[in-house]
Amino acid sequence: MARFDRSTAAKDEAGAEQERKQVLAPFPLEEWPTLPLERYALGLEQSGLGMTYCRLMEFDTQSLGSIKGGSAAKPIMYRHNSGEGRLAAPLRGMEPQAAWERLRAEFLGALTAVSVGDFAAVDELEKYPRPSSR
């Protein structure tokens, strides 16, 4: 607390707000219910659909809180540089589209809760949904 510089807080807040708008422009909330996997996952930029959500969040949102570096698995789904699609352990074994639908539903739940100020509801969301047995 002693090192907190109140004079930079407004600048930091402005930077975060600018990045929030930068994310919402290509990924508006109303498009999330139908957002295709190709617009979400790392490694799918070659799809011709432009910057993916995960690439934008990892590399272009330093003011919102960096997730740059480390494992490519942190966004749960991605295409490895070998060309193989990868899923985080809780979704492993699911078909990519089914896994994306489950993950996207979690995003929608979180986005909806936050949009009405119900931040506690985000903690109640199922974390990394487990594939159902068939």
Side-chain angles (χ1 to χ4, degrees):
M1 298 284 283
R3 293 183 299 180
F4 178 72
D5 183 355
R6 196 174 288 274
S7 68
T8 64
K11 179 182 171 192
D12 294 341
E13 182 180 1
E17 178 60 17
Q18 179 61 34
E19 288 178 0
R20 185 185 74 80
K21 289 176 182 176
Q22 176 186 336
V23 171
L24 289 175
F27 300 99
L29 298 177
E30 60 272 6
E31 289 185 14
W32 273 87
T34 59
L35 187 74
L37 175 58
E38 294 78 16
R39 297 228 30 241
Y40 172 80
L42 284 171
L44 297 178
E45 293 80 4
Q46 311 87 326
S47 68
L49 296 175
M51 171 90 63
T52 65
Y53 176 79
C54 290
R55 180 159 297 284
L56 179 62
M57 292 303 294
E58 183 160 1
F59 297 105
D60 292 340
T61 57
Q62 300 301 308
S63 295
L64 290 176
S66 176
I67 61 169
K68 187 176 180 180
S71 171
K74 59 187 164 273
I76 314 302
M77 301 182 74
Y78 66 101
R79 177 171 287 152
H80 189 265
N81 58 18
S82 69
E84 177 186 1
R86 301 269 174 99
L87 300 172
L91 297 176
R92 215 166 278 142
M94 294 180 75
E95 292 296 320
Q97 189 59 39
W100 169 235
E101 289 170 11
R102 296 277 305 270
L103 179 59
R104 185 177 59 203
E106 288 294 307
F107 267 96
L108 289 169
L111 293 169
T112 299
V114 169
S115 73
V116 296
D118 189 1
F119 300 103
V122 175
D123 287 334
E124 300 304 317
L125 292 170
E126 183 179 351
K127 303 298 189 262
Y128 309 104
R130 305 249 181 246
S132 60
S133 55
R134 294 181 187 196

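Values below: every heavy atom of this structure, side chains too, minus hydrogens, waters and symmetry copies.
- To the nearest 0.5 Å, the span separating SG on Cys54 from CD1 on Ile67 amounts to 7.0 Å.
- Glu31 is linked by a side chain to side chain contact (heavy atoms under 4.5 Å, CB included) to Pro28, Arg39, counting only residues two or more places apart in sequence or in another chain.
- Identified under the salt bridge (charged side-chain N to carboxylate O under 4.0 Å, His left out) test for residues 80-89, with sequence neighbours left out: Glu84-Arg86.
- Nearest heavy-atom pair across Met94 and Leu87 is O-CD1, 3.4 Å.
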Side-chain donor-acceptor distances from residues 19-27 under 3.5 Å, at least two apart:
residue: Glu19; atom: OE1; partner: Gln62; partner atom: N; Å: 3.4
residue: Glu19; atom: OE1; partner: Ser63; partner atom: N; Å: 2.8
residue: Glu19; atom: OE1; partner: Leu64; partner atom: N; Å: 3.0
residue: Glu19; atom: OE2; partner: Gln62; partner atom: N; Å: 3.4
residue: Glu19; atom: OE2; partner: Ser63; partner atom: N; Å: 3.1
residue: Glu19; atom: OE2; partner: Ser63; partner atom: OG; Å: 3.4
residue: Arg20; atom: NE; partner: Glu17; partner atom: OE1; Å: 2.9
residue: Arg20; atom: NE; partner: Glu17; partner atom: OE2; Å: 3.4
residue: Arg20; atom: NH2; partner: Glu17; partner atom: OE2; Å: 2.8

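- For the pair Ala41 and Thr52, the tightest heavy-atom approach, listed with the atom from each and the gap, is O-CG2, 3.2 Å.
- For the pair Tyr53/Pro75, no side-chain contact is recorded, criterion being any heavy-atom separation below 4.5 Å from C-beta on.
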Run the side-chain donor-acceptor check on residues 108-122: report pairs under 3.5 Å with partners two or more places apart or on a different chain.
residue: Thr112; atom: OG1; partner: Leu108; partner atom: O; Å: 2.8
residue: Ser115; atom: OG; partner: Thr112; partner atom: O; Å: 2.7
residue: Asp118; atom: OD1; partner: Ala121; partner atom: N; Å: 3.3

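- At a threshold of 4.5 Å between non-hydrogen side-chain atoms, the residues Phe107 and Leu35 do not count as touching.
- The side-chain contact (heavy atoms from CB on, under 4.5 Å) test with Leu42 is passed by exactly one of Met77, Glu58, Arg79: Glu58.
- Annotation: side chain of Met51 is in contact with side chain of Asp60 (closest heavy-atom distance under 4.5 Å).
- A search for side-chain hydrogen bond (donor to acceptor under 3.5 Å, both in side chains) contacts involving Ser7 returns Asp5, not counting sequence neighbours.
- Judged by distance alone, the side chain of Trp100 and the main-chain N or O of Glu38 form no donor-acceptor pair under 3.5 Å.
- Put simply, OG1 on Thr61 and NZ on Lys68 are 10.5 Å apart, with the number rounded to the nearest 0.5 Å.
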